[in-house]
Amino acid sequence: MPKKPLENLTESMFYLLMAFMRGPACGTDAAAWVREKTGGRCRIGPATLYTILAKFEQEKYIEEIAVEGRKRTYRITGKGRIAYREELERLKRCVADAGSEPEGRSGYDG
């Protein structure tokens with residue numbers, strides 16, 4: 001069975017949706033917010049940023065609401081909010097699974 005598009009978001013995708021959950025923004029402002037939010041751990045370069053924005057627009061996760069010269073401002077859609085919340089719940093389950101594993105009992109002897 002083929003995967004749904006963007007079924008599991010990358011870290012960069014997740015954080016960009018988080019940025020848009022805060023309100024409309026242009027891509028570079030959203031990427032700067034992500035860098036600040038993560039203390040520089042997650043940096044989204046221009047090529048990655050514009051690839052993700054294009055995918056998000058294609059999947060209707062965001063929509064363009066203004067254009068000023070080369071600056072494009074986007075807002076998250078209802079579908080994007082659902083995708084963000086689903087990914088947040090998936091990540092919470094991952095953390096819960098990790099927390100339920102006794103230390104030293106992972107089965108890995110490496």
Side-chain angles (χ1 to χ4, degrees):
M1 172 188 255
K3 282 179 60 171
K4 296 185 307 186
L6 305 181
E7 185 173 5
N8 291 328
L9 301 178
T10 65
E11 182 179 29
S12 297
M13 290 174 167
F14 177 70
Y15 275 108
L16 278 175
L17 281 183
M18 186 187 299
F20 289 119
M21 290 288 284
R22 301 179 68 245
C26 72
T28 55
D29 288 346
W33 181 85
V34 169
R35 187 176 58 252
E36 183 179 317
K37 175 75 171 172
T38 64
R41 182 180 46 78
C42 183
R43 293 178 178 267
I44 304 169
T48 300
L49 174 64
Y50 294 113
T51 298
I52 292 172
L53 292 175
K55 286 180 185 179
F56 280 177
E57 268 195 297
Q58 182 180 1
E59 292 301 317
K60 309 280 192 248
Y61 286 3
I62 60 172
E63 60 188 358
E64 186 179 274
I65 58 170
V67 178
E68 296 174 35
R70 293 178 55 187
K71 180 180 177 179
R72 298 174 183 275
T73 301
Y74 303 93
R75 73 174 160 215
I76 196 165
T77 64
K79 187 176 179 181
R81 289 178 186 281
I82 290 168
Y84 172 78
R85 289 185 184 117
E86 286 177 351
E87 183 65 6
L88 180 59
E89 288 306 311
R90 185 186 76 80
L91 292 170
K92 285 179 181 179
R93 288 189 305 272
C94 288
V95 170
D97 290 345
S100 68
E101 182 68 26
E103 286 209 30
R105 304 276 318 231
S106 67
Y108 176 72
D109 293 329

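Side chains are part of it too, since the values below use all heavy atoms of this structure and drop only hydrogens, waters and symmetry mates. Fair warning: this is a prediction, and the values are worked out from it, not measured in the lab.
- The side-chain hydrogen bond (donor to acceptor under 3.5 Å, both in side chains) search around Q58 returns none, not counting sequence neighbours.
- In this structure, the side chain of T38 engages the main chain of V34 through a donor-acceptor pair within 3.5 Å.
- Among residue pairs with one or both ends in residues 18-31, none qualify as salt bridge (charged side-chain N to carboxylate O under 4.0 Å, His left out); sequence neighbours excluded.
- Residues forming a ring-ring contact (aromatic ring centres under 6.0 Å, His included) with Y15 (at least two apart in sequence, or on another chain): none.
- Between M13 and L9, the shortest heavy-atom contact is CB-CB, 3.9 Å.
- Counting only residues at least two apart or on different chains, the salt bridge (charged side-chain N to carboxylate O under 4.0 Å, His left out) pairs with a member in residues 87-99 are E87-R90, E89-K92.
- Smallest separation of non-hydrogen atoms from L53 and G27: CD1-CA, 3.8 Å.
- The same ILVMFWY cluster, assembled from side-chain heavy atoms under 4.5 Å apart, contains both M21 and L88.
- When hydrophobic clusters are built by joining Ile, Leu, Val, Met, Phe, Trp and Tyr residues whose side-chain heavy atoms come closer than 4.5 Å, directly or via intermediates, I82 is not grouped with L91.
- For R75, the side-chain hydrogen bond (donor to acceptor under 3.5 Å, both in side chains) partners at least two apart in sequence or on another chain are E63.
- Atoms CD1 and CD1, from I62 and I52 in turn, are 10.0 Å apart once rounded to the nearest 0.5 Å.
- Identified under the salt bridge (charged side-chain N to carboxylate O under 4.0 Å, His left out) test for residues 32-45, with sequence neighbours left out: E11-R41.
- Contact between L16 and A31 at its shortest, heavy atoms only, is CD2-N, 4.1 Å.
- For F56, the ring-ring contact (aromatic ring centres under 6.0 Å, His included) test picks out Y61, with sequence neighbours left out.
- Residues that satisfy the side-chain contact (heavy atoms from CB on, under 4.5 Å) test with T51, not counting sequence neighbours, are K55.
- Residue pairs meeting the ring-ring contact (aromatic ring centres under 6.0 Å, His included) criterion with at least one partner in residues 28-49, sequence neighbours excluded, are absent.
- Here the CZ atom belonging to R85 is positioned 11.0 Å from the CG atom belonging to L17, to the nearest 0.5 angstrom.
- Expressed to the nearest 0.5 Å, how far OG1 of T28 lies from CG of L49 amounts to 7.5 Å.
- R72 is linked by a salt bridge (charged side-chain N to carboxylate O under 4.0 Å, His left out) to E64, counting only residues two or more places apart in sequence or in another chain.
- The two residues P24 and T73 make their nearest non-hydrogen contact at CB-CG2, 4.1 Å.
- Not one N or O on the side chain of K60 forms a donor-acceptor pair closer than 3.5 Å with the backbone of T77.
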